[in-house]
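Report on one structure; see the data block that follows.
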Amino acid sequence: MIVTIDGVAASGKSSVSSGVAQALGVPYVSSGLLYRAVTLLGLNAGAELADASALLPLLPGVRLEPLASGNRVWNADHDLTADLHSTRVDGGVSTVAALPEIREWVDAQLRALPAPLVAEGRDMGTNVFPHAPHKFYLTASPRVRAERRAKERPEDIPAIEAALTERDRQDTTQSAPAPDARVIDTGPLTLQGVIDTILADLR
Ligand SMILES: Nc1ncnc2c1ncn2[C@@H]1O[C@H](COP(=O)(O)OP(=O)(O)OP(=O)(O)O)[C@@H](O)[C@H]1O
Ligand SMILES: Nc1ccn([C@H]2C[C@H](O)[C@@H](COP(=O)(O)O)O2)c(=O)n1
């Protein structure tokens, strides 16, 4: 069984997916971490982020470890995870995620994983696992998402909100909900409330 949880930036996808996966006793996979890892390696190498041919040679050592408690991304024996959620990576990741060659590489990594699993991102329900029997799509207003993010980042709420809105705009192409996804506005819900809503639907 595959459960897909897509949604806009900072809508709670990874926190909710982790909670749902732990309740089900299965792993979850955060596809955005792979796009973030490609971006980090590209930035560190001084590569042009819009040039797939400069990025693809950096990827053979990249491996995602889909633990239910939190995913980790490795480049050979170097753990990249702690560096993937920086403002620097946020600023470049949409450029990388727009490259068809990089999307193909990410999709292949995800499809190679064994079911059952919870998969989160933007196009899990539409493109990567279109036949998944259970699909969800998380939303919340930019202000609500920025207020949540501000608890984890040094920037102020208006700056975070502006960056999230810009990333939503850049990611629009791959971010449409699947027609058969249940859309959940997480704004009025607690994190546990969203997890419980999904678990109730699955039962
Ligand atoms: N329903 C909720 N109520 C309150 N806080 C929440 C809720 N959902 C998520 N959060 C908090 O919002 C923040 C962002 O959540 P999370 O990182 O899971 O989102 P995301 O969609 O995976 O983000 P990104 O797109 O940047 O990878 C976290 O601090 C998380 O604890
Ligand atoms: N399936 C996916 C997952 C992610 N992306 C892109 C778009 C995001 O800006 C970026 C980082 O993802 P996040 O950590 O915010 O979930 O990666 C995508 O295009 N498709």
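Atoms within each ligand, like the ligands themselves, are counted from 1 in listed order. When a residue number appears, it is its place in the shown sequence, counting from 1. Quick caveat: nothing in here was measured; it's all calculated off a predicted structure.
Side chain of Arg72 to backbone of Leu64: no donor-acceptor contact under 3.5 angstrom is found. Judged purely by atom type and a 3.5 angstrom limit, Lys135 uses its side chain to pair as donor or acceptor with the backbone of Pro130.
Ligand 1 is never approached by Arg145 to a heavy-atom distance shorter than 4.0 Å. Using a non-hydrogen distance threshold of 4.0 Å, Arg36 registers as a contact of ligand 1. Residue contacts with ligand 1 include Glu152, since one or more of its heavy atoms lies under 4.0 Å from the ligand. The closest approach between a heavy atom of Gln192 and any atom of ligand 1 is not below 4.0 Å. Taking a 4.0 Å cut-off on heavy atoms, Gly32 fails to register as neighbouring ligand 1.
Interface of Lys13 with ligand 2, defined as ligand atoms under 4.0 Å from a residue heavy atom, comprises 16 (O). With ligand atoms numbered from 1 in the order given, ligand 1 contributes 1 (N) to contacts under 4.0 Å with heavy atoms of Val194. Atom numbering of ligand 2 starts at 1 in the shown order; those under 4.0 Å from a heavy atom of Asp123 are 1 (N), 2 (C), 20 (N). Every atom of ligand 2 with a heavy atom of Ser94 under 4.0 Å away is listed here by number and element: 9 (O). For ligand 2, the atoms lying closer than 4.0 Å to a non-hydrogen atom of Ser31 are 1 (N), 2 (C), 3 (C). Within ligand 2, counting atoms from 1 as listed, the ones closer than 4.0 Å to a heavy atom of Ala97 are 6 (C), 19 (O). Every atom of ligand 2 is numbered from 1 in the order shown, and the set under 4.0 Å from a heavy atom of Met124 is 1 (N). Taking a cut-off of under 4.0 Å to the non-hydrogen atoms of Ser15, the atoms of ligand 1 that pass are 15 (O), 16 (P), 18 (O), 30 (C), 31 (O). Per-residue contacts place Ala10 under 4.0 angstrom from the following atoms of ligand 1 (heavy atoms of the residue considered): 19 (O), 20 (P), 21 (O), 23 (O), 24 (P), 25 (O), 26 (O). Of all atoms in ligand 1, numbered sequentially from 1 with element shown, those under 4.0 Å from a heavy atom of Ala9 are 25 (O).
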**Study point:** Full working for salt bridge (Lys or Arg N to Asp or Glu O under 4.0 Å) between Asp79 and Arg63
**Key:** CA-CA 10 Å; Asp79 187 349; Arg63 181 175 60 85; over 6 Å; no
Practice item. Begin from the C-alpha positions of Asp6 and Arg122 and carry the test salt bridge (Lys or Arg N to Asp or Glu O under 4.0 Å) through to its verdict. Key: CA-CA 5 Å; Asp6 289 304; Arg122 300 294 188 292; over 6 Å; no
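When Val93, Asp90, Leu110 are checked for heavy-atom proximity to atom 10 (C) of ligand 2, Val93 turns out nearest.
Annotation: atom 24 (P) of ligand 1 to nearest protein heavy atom, Arg149 NH2, 3.2 Å. At the shortest separation from atom 17 (O) of ligand 2 among protein heavy atoms lies Tyr35 CB, 3.6 Å. Closest to atom 1 (N) of ligand 1, if we only count protein heavy atoms, is Leu189 O, 2.9 Å. Arg167 NH1, 2.8 Å is the protein heavy atom nearest to atom 15 (O) of ligand 2. Among protein heavy atoms, atom 8 (C) of ligand 2 sits closest to Asp171 OD2, 3.2 Å.
The shortest N or O to N or O distance between Gly12 and ligand 1 is under 3.5 Å. Some N or O of Arg36 is nearer than 3.5 Å to an N or O of ligand 2, by distance alone. The N/O atoms of Arg103, backbone and side chain alike, include one that comes under 3.5 Å of an N/O atom in ligand 2.
Of all the heavy atoms of Arg167, the ones lying under 4.0 Å from any atom of ligand 1 belong exclusively to the side chain. Heavy atoms of Thr190 found under 4.0 angstrom from ligand 1 belong exclusively to the backbone. Of all the heavy atoms of Gln174, the ones lying under 4.0 Å from any atom of ligand 2 belong exclusively to the side chain. Within the 4.0 Å heavy-atom criterion, neither part of Lys151 lies near ligand 1.
A salt bridge is absent between Arg36 and Asp83; no separation between the charged side-chain nitrogens and carboxylate oxygens falls under 4.0 Å. Between Arg149 and Asp90 no salt bridge is recorded (no basic side-chain N to carboxylate O distance below 4.0 Å).
Using a 4.5 Å cut-off on side-chain heavy atoms (C-beta onward), Ser31 and Leu110 make contact.
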